Amino acid sequence: QSDETYVDPGLEDDFYSEQTFYYSHGNGILKVCGKPEPGCNLGWSIDLATFNGFTGKLERDGSDGKTCPYFFDEGVEVVFHEAAAMPTNKDDIRQIKKKRHIGNDHVHIIWNESHHNYRPETISGDFGNVQIQIRPLEPGEYGIGMYCDEQVKPFGPLVNGMVISADVLPIAVRAAAINGHRRATQVFFKTFMHPFAMRQEAINRIVEKHVNTSW
């Protein structure tokens with residue numbers, strides 16, 4: 001899973017306060033990239049109540065929001081935890097339920113319309129090992145800021161300081177989130193194996209177990 005956070009220029013002072021991290025503000029970040037650019041999609045918006053596939057541990061009863069961005073292809077299945085789409089509990093100044101998801105994601109994607117850089121330590125904890133900051137520049141152009149823990153090996157396609165167009169933004173951000181997650185899990189989970197390698201290992205076990213020595 002990856003998560004998405006939105007920094008509104010009018011709320012930047014509150015955003016950096018630990019007690020007011022998250023907002024159900026506007027359409028959220030990237031709304032699957034939809035806040036400022038409706039065609040900029042990280043994935044498809046799925047209805048959590050009716051979707052029968054992978055939901056990234058989001059509850060189906062609406063307590064984690066009604067929808068979330070979802071993407072899959074022949075090699076990967078991804079759910080993005082969209083902070084701005086999750087309900088805000090006015091009685092909980094720390095928004096623990098939101099942080100339960102956001103705080104356990106290796107990759108954070110931040111849409112930043114403020115005049116300040118997003119601080120990597122904003123959400124504390126052992127996760128958030130890769131942070132992708134997107135800042136709107138001129139119409140149709142976006143600046144990219146990348147933060148990674150020192151242990152995380154380099155990956156692409158995004159690099160710090162890059163400027164990219166709206167046409168490639170969703171594809172590049174999604175690819176960077178997936179690659180960043182893989183790099184982070186390789187560092188922090190020593191037993192991590194790529195699904196293809198796990199499949200090969202399972203096939204080898206089956207062959208060894210059922211081999212006919214008389215052939």
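Model, not experiment: these values are computed from the prediction.
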Checklist entry - Atom NZ in Lys57, atom CG in Asp64: separation rounded to 0.5 Å? => result 12.5 Å

Checklist outcome for this item: Rounded to the nearest 0.5 angstrom, the NE2-CG distance for His181 and Asp105 is 7.5 Å

Checklist entry - Do Ile134 and Ile110 have side chains that get closer than 4.5 Å, going by heavy atoms? => result no

Item to check | Connected hydrophobic set around Val207, excluding itself, where side chains approach under 4.5 Å | outcome: Ile203

Next on the checklist: Using the side chain to side chain donor-acceptor pair (under 3.5 Å) criterion, which residues pair with Gln200? Sequence neighbours excluded.
Outcome noted: Asn204

Item to check | Which atom of Thr67 lies closest to which atom of Ser45, heavy atoms considered | outcome: CB-OG, 3.5 Å

Checklist entry - Of the non-hydrogen atoms in Pro136 and Glu113, which two are nearest, and what is the gap between them? => result CG-CG, 4.0 Å

Checklist entry - OG1 of Thr55 to NE2 of His81: how many Å apart, nearest 0.5 Å? => result 7.5 Å

Checklist outcome for this item: dist Arg60:CZ -> Leu48:CG (nearest 0.5 Å) comes out at 7.5 Å

Next on the checklist: Could you report the tightest heavy-atom contact between Ala177 and Ile109, atom names first, then the distance?
Outcome noted: CB-CD1, 4.2 Å

Item to check | Met162, CE: over 12 other non-hydrogen atoms inside 6.0 angstrom | outcome: yes

Checklist entry - Rounded to the nearest 0.5 Å, what separation is found between the CD atom of Glu141 and the CD1 atom of Ile164? => result 10.5 Å

Checklist entry - If you round to the nearest 0.5 Å, how far is CZ of Phe80 from OH of Tyr70? => result 11.5 Å

Checklist entry - Any sub-3.5 Å donor-acceptor pair from Asp47's side-chain atoms to Ala49's backbone N or O? => result yes

Checklist entry - Where do Val76 and Arg182 land on the side chain to side chain contact (heavy atoms under 4.5 Å, CB included) test, with the steps shown first? => result CA-CA 11 Å; Val76 70; Arg182 287 172 173 165; 4.2 Å; yes

Checklist entry - Where do Ile132 and Met146 land on the side chain to side chain contact (heavy atoms under 4.5 Å, CB included) test, with the steps shown first? => result CA-CA 5 Å; Ile132 305 169; Met146 298 291 293; 3.8 Å; yes

Item to check | Closest heavy-atom pair and its distance - Val79, Gly56 | outcome: CG2-N, 3.8 Å

Item to check | Cation-pi, Tyr142 ring and Arg135 (6.0 angstrom, 45 degrees) | outcome: no

Checklist entry - Under the side chain to side chain donor-acceptor pair (under 3.5 Å) test, which residues partner Arg183, sequence neighbours left out? => result none

Next on the checklist: Run the side chain to side chain donor-acceptor pair (under 3.5 Å) test against Gln131 and tell me which residues pass, sequence neighbours left out.
Outcome noted: none

Checklist outcome for this item: Sorted by chain and residue number, the side chain to side chain donor-acceptor pair (under 3.5 Å) partners of Glu59 (sequence neighbours excluded) come out as none

Sequence neighbours left out, cut at 3.5 Å: what donor-acceptor pairs do the side chains of residues 148-159 make with other protein atoms?
| from | atom 1 | to | atom 2 | distance (Å) |
| --- | --- | --- | --- | --- |
| Asp149 | OD1 | Tyr147 | OH | 3.1 |
| Asp149 | OD2 | Asn129 | ND2 | 2.8 |

Checklist entry - Going by distance alone, is a donor N or O of one side chain under 3.5 Å from an acceptor N or O of the other, for Asp167 and Ser165? => result no

Checklist entry - If every non-hydrogen atom of Gly62 is compared with every non-hydrogen atom of Pro87, which pair is closest and at what distance? => result O-CG, 3.6 Å

Checklist entry - Given the side-chain rings of Phe72 and Trp44, with only the six-membered ring counted for Trp, is the space between their centroids under 6.0 Å? => result yes

Next on the checklist: Membership question, hydrophobic clusters at under 4.5 Å side-chain separation (ILVMFWY): are Val163 and Leu169 in the same one?
Outcome noted: no

